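Written out below as structure tokens is the structure these notes cover.
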Amino acid sequence: MHATGTSECPLRVAIVGSGPSGFYAAESLYKAAVPVRIDLFDRLPVPFGLVRGGVAPDHPKIKTVTRIFDRIAAHEGFQFFGNVQVGRDIAVDELRRYYDAVLFACGAEADRRLEVPGESLPGSHTATEFVGWYNGHPDYRDREFDLSSEVAVIVGQGNVAVDVCRILSKTVNELKDTDIAQHALEALAASRIRRIHLVGRRGPVQARFTSQELRELGALEACAPVVDPADLELDAASQAELEHPDNKHSQKNLSILREFAERPPSDAPKQCRIRFLRGPVEIRGTARVESVVFERNALEGEPFHLWARGTGETETLACGLVFRSVGYRGMAIPGVPFDEKRGVFPNVQGRIIEGGSPIPGLYAAGWIKRGPSGIIGTNKPDSAETVKALLEDMPALPPCPRRDSLELARLLHERGVRVVTYADWQAIDAEEIARGQQAGKPREKFTRLEDFLEVCRR
Ligand code: NAP
């Protein structure tokens, strides 16, 4: 028997999840110049994870990263196994029989909960649902959002919250040339939302959105940002955070927020009100959302470790729609240890551990490894770290008994799974682009499984 990682016996790696961390892991493996075969699995029939289903349609530049992913997919010894859900169509233990190493890059698909009464009322949605809906994600394609009221509240102040705010604020004219799903464009065209509250539980210095995204809220066609100058008054600890020479992030945000606060009243048809130090305590309504009760917060703790404490003073914001944008959470896969508290696969430098010891051959990268933080580029060094661990372990990894991906493809076929290959995806891609051209958009996505499979059949 040859050692794994030689030309006679290339290392066989399954990567589960075809978002940025999965592709960057593949890239790191190819760069290592070890003979390797990579099969990239995704439960969806299309690759790219959040680049396709999460990045906002009006941020096309960010999506150009898929050109790099295409180049990675063009490597010899790369196969895409789309439309295959690991843990459902094939168990993790089965997969391990076909691969020397399984690297999970399956992201954080669930949401953190607010844990306040009324969270599940009709009209209260997670940002994930809305983002998936306007991005044509098959899971969320049929969600309905009642855009007939005038006021929407967004809880949370990360970049996802800003994306949601911007999409609600933009005119059809600002969105029509993007790859936004047609069903969403039509619904947003009829939206009556005029006032959007973007509410954070901590202060302006602690807000997580980045300055580029914040600045965009000040340059919309028909929506004006509104900031109450009183909200920008800082306590001593926040002031110390702000003045820290390395805290360019908050300094830029504060200067943009101050500029917003100084703007004269606008007669723009829509307003986006950015509010701070208000924590949601209840979502109220009888049949559906009617208001959100916020408690005014004060900050406690040391600079850079400030948390929000309720002051007991509450205020109620009447609204017809609530988006909870308080962060994602990883999901368990049967057969892999899961850290319930953090929503990640427990790991040390990407080696998945159980009872403190690494499980040979199981790895994690991206959000399922470190939690839902950072931008797309953050995943590159993160995946490289995991691949480094994998390659260090390689000499000791027992070679998997079944070394033929075709055999696995046949097994999946017997189970009624229609594996979508990269060539299939390229056909889908071409059709989506052609459909988009007719409407003056970069692409018109397919949004239903049967439509993807129909293109594959053709
Ligand atoms: P995030 O950046 O972690 O923001 C989550 C927000 O929810 C924070 O404001 C947080 O406040 C708040 N929050 C959490 N629990 C809460 C609670 N119980 N009550 C009230 N507020 C609560 O998460 P995200 O916006 O989902 O973004 C995820 C990652 O994707 C981030 O790294 C983001 O930068 C990235 N992303 C980037 C882009 C882009 O580059 N354009 C676009 C979208 C997403 P605290 O700070 O007080 O915890």
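Here the structure is a predicted model, which means the values were calculated and not measured. Counting convention: from 1, in listed order, for ligands and their atoms alike.
Ligand-side atoms of ligand 1 in range of S373: 32 (O), range being under 4.0 angstrom from any heavy atom. Atom numbering of ligand 1 starts at 1 in the shown order; those under 4.0 Å from a heavy atom of D163 are 42 (C), 43 (C). In the vicinity of G158, heavy-atom distances shorter than 4.0 Å reach the ligand 1 atoms 2 (O), 4 (O), 6 (C), 9 (O), 25 (O). The ligand atoms of ligand 1 that sit less than 4.0 angstrom from a heavy atom of I375 are 40 (O). Proximity to L114 (heavy-atom distance under 4.0 Å) selects the following atoms of ligand 1: 17 (C), 18 (N), 19 (N).
Between Y140 and the choices T126, T128, T447, N135, the side chain to side chain contact (heavy atoms under 4.5 Å, CB included) rule is met once, by T128.
Y99 and D39 are linked by a side-chain donor-acceptor pair at a separation below 3.5 angstrom, with hydrogens and angles left out of the test. For the 3.5 Å distance criterion, the side chains of Q271 and H197 fail to qualify, holding no donor opposite an acceptor. Between the side chains of E221 and T171, at least one donor N or O lies within less than 3.5 Å of an accepting N or O. Between the side chains of S255 and Q251, no donor-acceptor pair of N or O atoms lies under 3.5 Å. At a cut-off of 3.5 Å, with distance as the only test, a side-chain donor of Y363 or D393 sits close to an acceptor on the other residue.
Among protein heavy atoms, the minimum distance from atom 22 (C) of ligand 1 is reached at V326 CG1, 3.4 Å. Nearest protein neighbour of atom 3 (O) of ligand 1, counting heavy atoms only, is R208 NH1, 3.7 Å. If you check which protein heavy atom lies closest to atom 41 (N) of ligand 1, you get E213 OE2, 2.9 Å. Nearest protein heavy-atom contact of atom 23 (O) of ligand 1 is G327 CA, 4.1 Å. At the shortest separation from atom 12 (C) of ligand 1 among protein heavy atoms lies G156 CA, 4.0 Å.
Below 3.5 Å of separation, one finds an N or O of G374 facing an N or O of ligand 1.
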- request: Quick one: do F323 and F145 satisfy side-chain contact (heavy atoms from CB on, under 4.5 Å)? Show the steps, please.
  value: CA-CA 10 Å; F323 293 104; F145 300 91; 3.9 Å; yes
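Crowding of E144 atom CD: a count of heavy atoms from other residues, nucleotides or ligands under 6.0 Å not exceeding 12.
No donor-acceptor distance shorter than 3.5 angstrom exists from the side chain of S250 to the backbone of L242, with no hydrogens or angles considered.
Distances from atom 37 (C) of ligand 1 to the heavy atoms of V160, I154, N159 put N159 nearest. Closest to atom 47 (O) of ligand 1 by heavy atom, among R324, Q157, R202, is R202. Considering R278, Q206, R201, R113 only, the shortest heavy-atom separation from atom 14 (C) of ligand 1 involves R201.
Residue-level proximity to ligand 1 for Q212 is absent, since no heavy atom of it falls below 4.0 angstrom.
Heavy atoms of W367 come nearer than 4.0 angstrom to ligand 1 in at least one pair.
The salt bridge (Lys or Arg N to Asp or Glu O under 4.0 Å) test applied to R278 returns D231, E315, not counting sequence neighbours.
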